[in-house]
Amino acid sequence: MKKIIEAAAKQLGLEQNDYIQFLYPEREICVSIPVMMDDGQIQVFQGYRVQHSSKLGPYKGGIRFHHEVDMDEVRSLAAWMTFKCAVVDIPYGGGKGGVTVNPSKLSISELENLTREFTRKLSPVLGERFDIPAPDVNTNAQIMGWLVCEYSKSVGKPCPAVVTGKPVEQGGSLGRKEATGRGLYKIIKELYNRLGLELKNATIVIQGYGNVGYEVAKLLHEYGAKIIAVSDVCGGYYNKDGLNIPTFYMKSEKPNISNSELLEMPCDILIPAALGNQITEKNAKNIKAKYIVEGANGPVTTDADAILQSKNIMVVPDILANAGGVVVSYFEWLQNLENQKWTIDQVNTNLEKIMFSAFERVYKIHKNKNISMRQAAYIAALERLTRK
């Protein structure tokens with residue numbers, strides 16, 4: 001990311017003093033989390049929170065539970081959030097958190113104990129106008145509900161605005177769960193509109209069929225695009241005639257392709273919506289998609305990016321493409337602070353306006369400067385970060 005930021009700064013004619021602060025996080029927190037397990041034994045987990053930048057507003061970013069989470073990963077993701085919030089022009093800075101744990105090996109009570117203890121350890125550095133977590137990989141509305149409950153206990157009053165992605169009955173926003181996928185869908189539609197292409201019957205491949213992957217698949221299918229392959233951790237599912245998304249359930253199907261085969265499949269649009277570093281210099285030369293729209297954070301490595309550019313494969317970057325989640329998180333935060341409840345139409349209409357505006361700005365920079373969409377997105381973000 002450092003190289004991308006420096007390249008964007010050069011395009012803008014910035015001096016190092018103008019942007020050097022964004023190369024480093026403002027604060028890093030590492031905590032030990034002792035958890036009483038169901039067998040009566042205490043197990044200690046490692047937790048992290050990185051607060052990258054507060055230049056534009058409170059720190060904002062998800063908390064992920066994954067067995068490979070470490071400080072380096074959380075640090076990178078926090079920086080991504082700074083630029084993601086800036087590119088869609090919402091008043092947040094970047095933050096990220098995580099716990100090194102395989103949540104599938106925990107019972108519900110153990111998962112709740114872990115979440116509440118992690119919240120207690122982080123509570124001094126959280127706050128509705130300071131640092132506002134959200135769901136991420138392997139975390140969900142229920143986990144955010146435990147977090148807001150535990151934080152509210154620690155400060156002695158209800159604080160629904162301290163976290164977003166909560167259950168609706170605890171102050172969560174309608175449309176938050178679907179927001180990242182819906183935002184992706186909006187970006188894909190705008191891309192095809194600008195290119196003068198027909199999205200109906202376009203062939204789509206999606207790696208990662210979780211919350212984000214399913215939502216964008218559903219919306220694209222409803223529009224008339226053809227979802228020819230999707231995948232999860234078990235493998236990939238391919239049908240040359242298109243999967244019937246409303247009736248397709250992975251648990252009743254057997255994988256018929258590998259994840260690596262799925263990524264290299266000929267298609268119009270490839271959506272990597274799983275984890276980072278999925279397209280690398282090892283497989284980039286085999287990618288046959290015409291366009292890549294990043295649903296995950298950092299699915300394409302820097303080396304792979306250069307290879308894809310040489311093949312004229314356009315990549316719509318994560319900080320633009322998957323920003324729908326943080327946009328609706330912002331809406332949820334506003335509703336909590338103002339004690340309001342928006343309708344789903346209000347949420348979706350405002351989401352589409354912000355995603356359209358961000359795409360329009362990035363695409364204009366991309367065309368005017370004849371640079372990649374990723375470079376253009378970072379220029380748009382850096383302009384906002386350095387204008388105050």
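Bear in mind that the values here come from a model prediction, so they are computed numbers and not experimental data.
- Listed by chain and residue number, nothing satisfies the side-chain hydrogen bond (donor to acceptor under 3.5 Å, both in side chains) test with Asn113 (two or more places apart in sequence, or in another chain).
- Using the six-membered ring where Trp is involved, His366 and Tyr363 have ring planes that are tilted, between 30° and 60° apart.
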Taking it one step at a time, do Arg361 and Asp89 satisfy salt bridge (Lys or Arg N to Asp or Glu O under 4.0 Å)? CA-CA 11 Å; Arg361 179 169 176 75; Asp89 200 19; over 6 Å; no

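- Evaluation of the side-chain hydrogen bond (donor to acceptor under 3.5 Å, both in side chains) rule for Gln46 yields Ser32 as partners, not counting sequence neighbours.
- Under the side-chain hydrogen bond (donor to acceptor under 3.5 Å, both in side chains) criterion, Glu360 pairs with no residue at all, not counting sequence neighbours.
- Judged by distance alone, with hydrogens and angles left aside, the side-chain atoms of Glu198 form a donor-acceptor pair with the main-chain N or O of Lys200 at under 3.5 Å.
- Pairs of residues two or more places apart, or lying in two chains, that qualify as side chain to side chain donor-acceptor pair (under 3.5 Å) and include a residue from residues 67-84 are Glu28-Arg75, His52-Thr82, Arg64-Glu73, Asp72-Arg75, Trp80-Asp318, Trp80-Tyr378, Lys84-Asn297, Lys84-Asn322.
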Check against side-chain contact (heavy atoms from CB on, under 4.5 Å), Phe83 and Leu385: CA-CA 8 Å; Phe83 286 85; Leu385 286 165; 3.7 Å; yes

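- Distance alone, capped at 3.5 Å, places no donor-acceptor pair between the Lys369 side chain and the Lys367 backbone.
- Contacts classified as salt bridge (charged side-chain N to carboxylate O under 4.0 Å, His left out) and involving residues 212-231 (residues at least two apart or in different chains) are given here: Glu215-Lys218.
- For residues 334-350, no pair satisfies salt bridge (charged side-chain N to carboxylate O under 4.0 Å, His left out), with sequence neighbours left out.
- Between the side chain of Ser152 and the backbone N or O of Cys159 there is at least one donor-acceptor pair closer than 3.5 Å.
- Val44 places a side-chain heavy atom less than 4.5 Å from the side chain of Pro34.
- The hydrophobic cluster around Ile257 extends to Val205, Ile228, Tyr238, Leu262, Leu263, Met265, Leu270, Ile279, Ile287, Ile292, Val300, Leu308, Ile313, Val315, counting ILVMFWY residues whose side-chain heavy atoms fall within less than 4.5 Å of a member.
- Ser310 meets the side-chain hydrogen bond (donor to acceptor under 3.5 Å, both in side chains) test with no other residue; sequence neighbours excluded.
- In this structure, Glu150 and Thr115 have side chains that are not in contact, with every pair of non-hydrogen atoms separated by 4.5 Å or more.
- Residue Lys290 places its NZ atom among 12 or fewer non-hydrogen atoms of other residues, nucleotides or ligands, all under 6.0 Å distant.
- Side chain of Asn102 to backbone of His66: no donor-acceptor contact under 3.5 angstrom is found.
- Checking side-chain atoms of Asp268 against main-chain N and O of Asn201 turns up no donor-acceptor pair under 3.5 Å.
- Judged as a salt bridge (charged side-chain N to carboxylate O under 4.0 Å, His left out), and not counting sequence neighbours, Glu352 has no contacts.
- A heavy-atom distance below 4.5 Å is not found between the side chains of Cys267 and Ile269.
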Which donor-acceptor pairs under 3.5 Å do side chains of residues 161-170 form with protein atoms, sequence neighbours excluded?
residue: Thr164; atom: OG1; partner: Lys60; partner atom: NZ; Å: 2.9
residue: Thr164; atom: OG1; partner: Ser329; partner atom: OG; Å: 2.9
residue: Lys166; atom: NZ; partner: Pro160; partner atom: O; Å: 3.0
residue: Lys166; atom: NZ; partner: Val163; partner atom: O; Å: 2.7
residue: Lys166; atom: NZ; partner: Glu332; partner atom: OE2; Å: 2.5
residue: Lys166; atom: NZ; partner: Asn336; partner atom: OD1; Å: 2.9
residue: Gln170; atom: NE2; partner: Gly145; partner atom: O; Å: 3.4

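- Residue pairs meeting the ring-ring contact (aromatic ring centres under 6.0 Å, His included) criterion with at least one partner in residues 99-147, sequence neighbours excluded, are Tyr59-Phe130.
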Could you go through the ring pair (Phe, Tyr, Trp, His ring centres under 6.0 Å) check for Tyr237 and Tyr209 one step at a time? CA-CA 10 Å; Tyr237 307 81; Tyr209 201 60; 8.3 Å; no

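- Residue Lys282 places its NZ atom among 12 or fewer non-hydrogen atoms of other residues, nucleotides or ligands, all under 6.0 Å distant.
- Side-chain contact check for Lys189 versus Phe356: every heavy-atom pair is 4.5 Å or farther apart.
- One N or O on the side chain of Gln335 and one on the backbone of Trp342 form a donor-acceptor pair closer than 3.5 Å.
- Screening residues 24-45 for ring-ring contact (aromatic ring centres under 6.0 Å, His included) gives no qualifying pairs among residues at least two apart or on separate chains.
- Around atom CG of Asp39, more than 12 heavy atoms belonging to other residues, nucleotides or ligands sit under 6.0 Å away.
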